[in-house]
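Just below is one structure, and these are the notes that go with it.
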There are 2 protein chains.
Amino acid sequence: MVPPSGGPAASPPGLDESSPPILRADVAVIGGGVIGHCIAWEARRSGRSVVLIDDEPGSGASWAAAGMLAPVSELHYQEEGLLELMLESSFLWPAFAANLGRAGAGDFGYLTTPTLAVGADAADRRALMDLRAVQEANGLQVEPLTVREARGREPLLSPAISCALAILADHQVDPRRLIASLREVLAGHEPGAGTAVDGARNGFAVDDRATALLWEGKRVSGVKLAGGGTVLAGETIVANGLQAAALGGLPDWLQLPLRPVYGDILRLRVPQHLRPLVTSTVRGLVHGVPVYIVPRQDGTVVIGATQREDALPGAEDTGAARRAVTAGRAVSAGGVYQLLRDGQVLLPAVAELELLECTTRARPATPDNAPLLGRVPAPSSGHIPGLIIATGFYRHGVLLAPAAAAICRDLLDGRNDPRWQVHSPDRFSSQPQAALQPTKEKA
Amino acid sequence: MVPPSGGPAASPPGLDESSPPILRADVAVIGGGVIGHCIAWEARRSGRSVVLIDDEPGSGASWAAAGMLAPVSELHYQEEGLLELMLESSFLWPAFAANLGRAGAGDFGYLTTPTLAVGADAADRRALMDLRAVQEANGLQVEPLTVREARGREPLLSPAISCALAILADHQVDPRRLIASLREVLAGHEPGAGTAVDGARNGFAVDDRATALLWEGKRVSGVKLAGGGTVLAGETIVANGLQAAALGGLPDWLQLPLRPVYGDILRLRVPQHLRPLVTSTVRGLVHGVPVYIVPRQDGTVVIGATQREDALPGAEDTGAARRAVTAGRAVSAGGVYQLLRDGQVLLPAVAELELLECTTRARPATPDNAPLLGRVPAPSSGHIPGLIIATGFYRHGVLLAPAAAAICRDLLDGRNDPRWQVHSPDRFSSQPQAALQPTKEKA
């Protein structure tokens, strides 16, 4: 069944009249983070009707994300396989941002100021210089500066830093504002159009939780909602981060080995007499531990970089009132301490800032730290029709969102770029010969 | 004019019929912190009708307070003048808590577990031993422990501490719960009474801001409210902390030299496997800087002790939306860092806690760090009738609240204990011969 095009509308296509509300759209996107919203917007731009399903849009990993667009400084050893995708998305970002602006989005904090990588001690300098060799071997530009030059650009940098490198290609965006902008644009707010057509305006948003995929024969036909409703869609895109593995109706043989990697992140306000604290994003290595300081144009900075594979023990003993999805949101006192300590090593004036917010979220990581992105192969028909997976973006969700959106659009249009085959969502699965039918939960 | 006794009731006593609402009560208490609530309850217990005026009750210094009841460890050099009042209030606390419990209050976290004073290094040990000499010279009991003994009591204490002292007389209460309990009891909730009489139940609370005292001839006759209303009262008690100095209608010659001293304080949750983190309150001196860790029975701990005389610069540049009264509530990143750092020096497991909350509030301090407490002397009549001042409690508001309440009740009853004359609210003022009439703002 291929639902007809047009805005989502309540309609009972062949189901019992007494059943709960049914929406239909060309594309159903499960998950309202940066990835889900970018995919939804790209699908909408392709002329398709779209619904985006999330009961707490923007509240997951995207809520914490610093928004660094950093293909160069995010290049990690053993992760060169990701580099092509990161560079592709970095290349897409300027046009993506311009299109979003042209569509009438408000300021979403897209800044192309360079990034400074700095080291605290001699070992940090060696580590950054070793990484620079890998970066340059991959064709990436990294410009060594003297400490004097670095402090000429950023006078509040500590004079005790051991090295500095300028990275012109690493930029930033404000993920919270980005999601707000995408929602605004998805809601139908056009530039110059002062009035909104109700119904169309918020028609894209389904404020509910997806519990399972629906199937019609061998194809995915939509999404079952926790509230009892149903979304019928020609294509369903699973972009709900860590929750993807818990979605019902996925083929039993398909392994989505997502693990949470927790990060604590701080937001601080710079007092007037210290502004700007820095003009570049500062990515430091402090006695081997990474820390970053991202300046926003509103006079705040974001400090982050803790990575914990475990939620705080005891975080779950806060009673049933705290929902399972938020169990990993306990802020680590040790993490906050580390960020403030290492931030001060690079920028002593961090001690003089106002602490506005401490936030912790889990990022969806995979065994190779690369996303699970694409259609799900099937032996007979090439792939499972109606289903696209887009999760596991780990540290790179904000950078990779335009590429993820473009790749999903290609897939919707029937194109499959062989460059991204390496990120196929079935690469951790052993697909049985006859397995195609879902057995976890049937529609 | 002496208003009749009885519950507060709207009535226009001789004023224009078209004027805004008027309440009347025997006693009007301005300020809804721990001090104001304790005074209000004590006045109510004496059979008087009471209203308590605050548009944000419990949100000031009391919101941040750790609630240590610590006459011994809070004894500071040069502050021996306060000691008698602190010991008096410490002596009153058990009966105060028992009465509040008997009146039907829920648990307010009153704990008589001892306090441990610990030092981090040799200099801290010398400082604590010197202070102990002063404490013992003042008749206070302080019991030196070996580090081994201290860790026998509190196994998670760092083995690297330099000294430990047990202080049996220093206890704690939870100030937020205390205010909630006092409001509950003031609202007329009696033990065993399942139903509340409406009107009486919340009749004590005036959710408005006091702008000025009202006068009738040479006596204070009530309070003018920001919302346009009026409280007429036989006695008005000024207990609104730092805001007292800004109250209109005080005699011009009366100096209330209150200055804000800011403190950052953390609330953290102890994971199950680390409970109890400590059973005693731990007051540390870490390389000369004080830090305290107060365990609550709900599995949380409070860590505090920063003292800053200035609000964070730039805190006021957050726009008009932030009200003047909250301008000093900016949390210092350096303060949070210091608390987490020094807390870990004494209890390394602090790094493993969940950070729940960072709070900053200003405490009302005076030049001698003692309160401004009592009636205001006047040359002809002995004192200004109808007016009592109770502010400037600085670090000691929670400890001193029962004494402040008892002293105010004595004053209401016409008794004036000469022991507290030293805290007279006019001690920083030069009273002119003929000055009695207010000139700041007349009713």
Side-chain angles (χ1 to χ4, degrees), chain A residues 262 264-277 291 293 298-303 306 308 310-319 322 326-345 347-360, chain B residues 262 264-277 291 293 298-303 306 308 310-319 322 326-345 347-360:
Chain A
Y262 300 91
D264 306 302
I265 192 161
L266 313 179
R267 283 176 168 75
L268 306 99
R269 179 181 288 124
V270 183
Q272 285 293 355
H273 73 284
L274 290 175
R275 292 187 188 182
L277 184 75
V291 65
I293 301 162
D298 64 0
T300 63
V301 297
V302 174
I303 301 184
T306 64
R308 297 181 278 119
D310 293 308
L312 282 193
E316 65 280 5
D317 62 38
T318 54
R322 202 162 186 179
T326 64
R329 297 185 178 177
V331 175
S332 157
V336 172
Y337 168 73
Q338 177 198 312
L339 293 175
L340 291 172
R341 179 193 64 194
D342 295 346
Q344 287 177 82
V345 169
L347 284 165
V350 162
E352 297 176 53
L353 308 190
E354 175 183 354
L355 183 59
L356 296 175
E357 184 189 311
C358 306
T359 306
T360 298
Chain B
Y262 301 91
D264 306 303
I265 192 161
L266 313 179
R267 284 176 167 75
L268 305 100
R269 179 181 289 123
V270 182
Q272 286 292 355
H273 73 284
L274 290 175
R275 292 187 190 182
L277 183 75
V291 64
I293 301 162
D298 63 1
T300 63
V301 297
V302 174
I303 301 184
T306 64
R308 297 181 277 118
D310 292 309
L312 282 192
E316 66 280 5
D317 62 38
T318 55
R322 202 162 186 180
T326 64
R329 297 184 179 178
V331 175
S332 157
V336 171
Y337 168 73
Q338 176 197 313
L339 292 174
L340 290 172
R341 179 193 64 195
D342 295 346
Q344 288 178 80
V345 168
L347 284 165
V350 162
E352 297 175 55
L353 308 190
E354 176 185 354
L355 183 58
L356 296 176
E357 185 189 310
C358 307
T359 307
T360 298

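Residue numbers start from 1 in every chain, and the chains themselves are labelled A, B, ... in the order their sequence lines are given, proteins ahead of strands.
Counting all heavy atoms, side chain and backbone alike, Ala333(A) lies closest to Val350(B) at CB-O, 3.4 Å. In this structure, Cys358(A) and Cys358(B) approach most closely via the heavy-atom pair SG-SG, 4.4 Å.
In this structure, the portion of Gln344(A) lying under 4.5 Å from any heavy atom of chain B is its side chain and not its backbone.
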